[in-house]
Amino acid sequence: MTGPLVPFREIVLKVHSRCDLACDHCYVYEHADQTWRTRPKVLTDEALTWTARRLAEHASAHSLPSVSVILHGGEPLLAGPARLRRICAELTRALAPVTALDLRIHTNGVQLSARHLDVFDTYGVRVGISLDGDRAANDRHRRFADGRSSHPLVLRALDLLHSERYRHLDLGLLCTIDLANDPVAVYDALTALDPPRIDFLLPHATWEHPPPRPPGAAPTAYAEWILAAFDRWNGQGRPLPVRLFESVLSTLAGGPSLTESLGLAPTDLVVIETDGSLEQVDSLKSAYEGAAATGFDVFRHTLDDVAAHPGVQARQRGIDGVSATCRTCPVVRSCGGGLYTHRYRPETGFDNPSVYCADLEALVRGVEDRTAAALASPAVTDPAALAAEQGELTRFLLARLNSEINEISEVSEVSESAERGGDGGWAEAWELAGRVERERPDALDDVLAHPYTRTWLLAALDALRAHRPDGLDPARQLARYVVAAAVRAGLDTPVRLTWNGRFLNLPTLGTLRVETPGPLELRATGAGGLLVRNADGTERHIAAPAEPGAGWFPVRRVGGLAIDCHDPWRDCYATPATGPLDAPRSADWTGRITRALALLRRAGIRGPEQYLTTLTPLTGTEPSVGRHGPGALGVPYDGSPEDLARALLRGHRRARLRALLDITDLYALDGAWTHPSPWHATPVPLSTLLAETYERVALAAYEPGHAEPLDRALDLLENAPELTVDGKLLLSGLRKDAKEAPYRR
């Protein structure tokens, strides 16, 4: 199976094919593939020149912003400072005009000297050093051929690397796990050296040659080892990055994997040997002779040729690239089926779970058990926390809009508009918003919390970013929001704006009929009043915005819910909003809404009134959630109180789920799997199953007939790989609500 070509962003360049140590766990010299014996000891001049050329053309063809080149071996320091300088110089000359070059070197550190580090300092080469812990732990494998310890020389290299002159080059430590070593002692020994990062690596193994396990060791002994080190790290407050730990935490929260050995991200790494051969990931040498070979080289082939190789593409297929067993496993999004090499079995190739399968599952579940409470967002269970985070999101968008307007001169199309009409009073309105914020922050919060404020902000940002000549027009409406906040605060300060429409909406308050379109001045008066002054000097006083008056249409309310059929940004739903309702139609609809809410209260349900703040009548037959902030719901104008009760119940659940998804990741890789559904004939993505289950849990509290399909849906969700920690927390709450629903038969 082939897929889209994934360009290589990481290149392992073998600069020397021999080593000065005789580590008995080395995949290059001690495992199945022995092709190193036929390769030149040092990267040839011709191979270097062609490598630089191939990397530059690849970066240019794919517009790569950066490329990482890892100088590797064998032991790369054996190439010597002069040769390493030449390699770095040629790579820099070829790639610097095309992309950012990130040079690194992975070494055992034994040969590291100031001469090496001076070269690395010149070219910005960061240095990663392999060390397996204290002297006893390191000496189990990392010795010279005559049995001497390498540990003192590695510590000397680290002392040199950590000197003031070279400390910025330190990339961190790589540690291969050995169950014979005490995990806490290893972790403490490594952290005592103050590295910027630690990588723990599982020893390379396959089903044909399983990893070493002491007699009587548990099937999950490697997971137990890693979790012991994790507990030490976590208990210390995570004092430094540990890539293995952070990768699991990232995927549990819905983020990406941070290491090739875990997760489902496609590989973007290629290996170039000392003779110019282009190979797949180096660890494949553990599987069998020639497992990493592609048949390509830098002299005759491009990197795109390698990217299209079936072996490379097999590691770029995400969930489709793991075994059938792994595809149905709940933790596969975190473990990714394990390192590709570790899946090998002679009879079935790489179409198997990892030889570390039990360990990886125990590791992911162990980290989740230890951290779920800390990883979970309070917004999932606490309505106040959800409201607070949504408020922060709206404020962020407002600040982003101000920042982009301040940078407007960099966008020529919008600059022309700014030159014709200035910033439309933005600066003045922004300054007044700051005053309201200082004197009555609650008044500004109330206006920003209005759901359609979010709709306006998103539309204003879209207009600016589209570079239209009228791109500033939506942003100029900031004055409307400032006026509304000032009135709510009772601040007697003038707000000037130009309004050419017939009606001016003041969010959360109501709509003013404009007698003379053009420049207006508005200011709050005592007791919540509003004074409107036209350009010709005529004035109109609105005694109290909550009361209707000549040319003033206040926001109507049903209980604690605002009925908004005037806001210019309310038409943000999949179904069009109705026009403003006249008095008879408004009375009719609000009456039916009132009876619908009463039906829900009679059933013991107060969810819609507790979460929703704003209802807008729609022309369609379904409740709708649109592009707005939390609290709004589009509700059909037509329908009996019974119809509207169900619409409110279903719609408020959709709105709350949408608000949660604005704030946190409840699932990841939606669509990578499909799931059976009690309500569909064919499998659906998790997002669909979760949304329908979330909605029907609320319906189960209102009417019978939902219990059996709900239980099936909840069971299906239980083992879904897509769910994050927050998604599982939400699911736990759904199970509780479903269990307590009055209609369980």
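Fair warning: this is a prediction, and the values are worked out from it, not measured in the lab.
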Full working for side-chain contact (heavy atoms from CB on, under 4.5 Å) between Arg142 and Leu131: CA-CA 8 Å; Arg142 297 187 180 279; Leu131 183 67; 5.9 Å; no
Give the minimum heavy-atom separation between [X] and [Y], together with the two atoms involved.
X: Gln280; Y: Val312; answer: OE1-N, 3.6 Å
X: Lys14; Y: Gly73; answer: NZ-O, 3.0 Å
X: Arg343; Y: Gly338; answer: NH2-O, 3.0 Å
X: Gln390; Y: Pro630; answer: OE1-CD, 3.4 Å
X: Val186; Y: Cys175; answer: CG1-SG, 3.7 Å
X: Leu77; Y: Phe120; answer: CD2-CZ, 3.9 Å

Would you please say whether a donor-acceptor pair under 3.5 Å links the side chains of [X] and [Y]?
X: Tyr611; Y: Arg653; value: no
X: Ser247; Y: Ser257; value: yes
X: Tyr187; Y: Gln236; value: yes
X: Thr394; Y: Arg454; value: yes
X: Asp121; Y: His168; value: yes
X: Asn181; Y: Asp132; value: no
X: Thr206; Y: His209; value: no
X: His106; Y: Glu75; value: no
X: Ser687; Y: Asp670; value: yes
X: Asp139; Y: Ser149; value: yes
X: Asp726; Y: Thr664; value: yes

Output yes when [X] and [Y] qualify as a salt bridge under the 4.0 Å nitrogen-oxygen rule, no when they do not.
X: Arg395; Y: Asp445; answer: yes
X: Glu246; Y: Arg238; answer: no
X: Asp170; Y: Arg197; answer: no
X: Asp715; Y: Arg735; answer: yes
X: Glu718; Y: Lys728; answer: no
X: Asp359; Y: Arg213; answer: yes

Sole candidate of Asp199, Leu339, Leu201 that passes side-chain contact (heavy atoms from CB on, under 4.5 Å) when paired with Ser261: Leu339
side-chain contact (heavy atoms from CB on, under 4.5 Å) partner of Asp102, chosen from Arg9, Arg126, Glu10: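 Only one of Arg9, Arg126, Glu10 forms a side-chain contact (heavy atoms from CB on, under 4.5 Å) with Asp102, namely Arg126.
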Parallel, tilted or perpendicular, as decided by the 30° and 60° cut-offs, for the rings of Phe350 and Tyr344: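 Geometry flag for Phe350 against Tyr344: tilted rings.
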Ring geometry between Phe230 and Phe245 (parallel below 30°, tilted from 30 to 60°, perpendicular above 60°): perpendicular
Can you tell me if [X] uses its side chain to pair, donor with acceptor, with the backbone of [Y] under 3.5 Å?
X: Arg370; Y: Gly366; result: yes
X: Thr99; Y: Leu64; result: yes
X: Arg243; Y: Thr259; result: no
X: Trp207; Y: Pro353; result: yes
X: Trp233; Y: Leu227; result: no

Criterion side-chain contact (heavy atoms from CB on, under 4.5 Å) on Leu729 and Leu666, from CA distance to verdict: CA-CA 9 Å; Leu729 180 60; Leu666 300 176; over 6 Å; no
Atom pair CG (Leu258) and CG (Leu244), whose distance is rounded to the nearest 0.5 Å: 10.0 Å
CA sep, side-chain torsions, deciding dist, call: Thr92, Tyr123, side-chain contact (heavy atoms from CB on, under 4.5 Å): CA-CA 8 Å; Thr92 300; Tyr123 293 98; 3.6 Å; yes
Residues, nucleotides or ligands: over 12 heavy atoms within 6.0 Å of Phe144 CZ: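 More than 12 heavy atoms, drawn from other residues, nucleotides or ligands, come within 6.0 Å of this atom.
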Stepwise side-chain contact (heavy atoms from CB on, under 4.5 Å) test for Tyr694 and Leu730: CA-CA 9 Å; Tyr694 190 77; Leu730 183 72; 3.7 Å; yes
